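In what follows, a single structure is set out as structure tokens and then discussed.
What you are looking at is a predicted structure, and each value in this text was computed from that prediction instead of being measured.
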Amino acid sequence: MSLVNFSSHYRHFFYGLMACATIGMTACSTTPSLNQAGELQAKADISTSNPLKILTASRWELIQPMDGSSTTVNSELRPALQLEASTQRFSGNDGCNRIMGSYQADMTSLKFGQVASTRMACIPGNETVSRNFSDALNRTSAYRFESDYLILLDNKGDKLITLRKAGSSTAN
């Protein structure tokens with residue numbers, strides 16, 4: 001075998017190998033889809049995504065209070081949380097007051113530190129929602145996701161409250 005044929009053989013092998021690698025990498029990429037606003041986005045598989053990124057990437061709104069009631073709360077007064085990964089601080093509202101504080105989280109556990117809040121007058125009827133929301137934060141020790149929902153759990157694994165990703169189509 002001459003040197004010219006030898007190098008030509010390896011060159012064809014190399015190009016074939018590169019083509020297979022390119023096809024393989026393309027097949028493993030996420031599939032883009034359109035969101036409700038018609039914008040192109042990549043679908044994330046929540047079961048393989050980093051829970052901490054999901055937890056801190058969204059604003060979470062209360063949809064089911066601790067007492068299991070179906071209390072309807074004015075959307076402007078709906079208790080909500082936003083967790084900031086870089087500072088490990090959270091902010092939001094409890095239905096009556098703005099709240100803020102620290103938190104600690106890993107892939108499954110979540111603990112809120114001392115909650116600071118404003119002292120605003122509460123609209124009649126929201127006092128219970130506010131009190132229950134604050135109580136749930138104090139008792140939270142773990143979390144889990146179900147689709148666009150964030151479930152806060154106590155130290156026994158019992159559900160305290162259910163929040164949904166703000167702006168999701170599963171809104172009440």
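The closest side-chain heavy-atom distance from L137 to D94 is not below 4.5 Å. In this structure, the side chains of L163 and F133 come closer than 4.5 Å at one or more pairs of heavy atoms. For the pair I63 and Y149, the minimum side-chain heavy-atom distance is below 4.5 Å. Taking the side chain as every heavy atom from C-beta outward, L150 and F145 approach each other to under 4.5 Å. With contacts defined as side-chain heavy-atom distances shorter than 4.5 Å, the pair M107/P51 qualifies.
A side-chain donor-acceptor contact under 3.5 Å links T118 to the backbone of R98. At least one donor-acceptor pair under 3.5 Å links the side chain of S141 to the backbone N or O of D154. Distance alone, capped at 3.5 Å, is enough to place a donor-acceptor pair between the R78 side chain and the L62 backbone. Side chain of N126 to backbone of G95: a donor-acceptor contact under 3.5 angstrom is found.
Checked for salt-bridge contact, R139 and D135 meet the test: a charged N lies under 4.0 Å from a carboxylate O.
In this structure, S147 OG and R164 CZ are separated by 12.5 Å, a value rounded to the nearest 0.5 Å. Separation of atoms OG1 (T140) and CG (L152) is listed at 4.0 Å; rounding is to 0.5 Å. Atom-to-atom distance recorded for K165:NZ and W60:CH2 is 5.0 Å, nearest 0.5 angstrom.
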Show which side-chain atoms of residues 79-86 pair as donor or acceptor with protein atoms under 3.5 Å away, not counting sequence neighbours.
residue	atom	partner	partner atom	Å
Q82	OE1	R59	N	3.2
Q82	NE2	T56	O	3.4
Q82	NE2	S58	O	3.4
E84	OE2	S86	OG	3.0

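Here the shortest heavy-atom pairing between C96 and M120 reads O-CB, 3.8 Å. In plain terms, the two heavy atoms of D106 and T108 that are nearest each other are OD1-N, 2.9 Å.
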Intermediate values then yes/no, side-chain contact (heavy atoms from CB on, under 4.5 Å), R144 and I151: CA-CA 5 Å; R144 73 172 188 263; I151 314 298; 3.9 Å; yes

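Taking hydrophobic clusters as Ile, Leu, Val, Met, Phe, Trp and Tyr residues chained together by side-chain heavy-atom distances below 4.5 Å, M100 does not share a cluster with F112.
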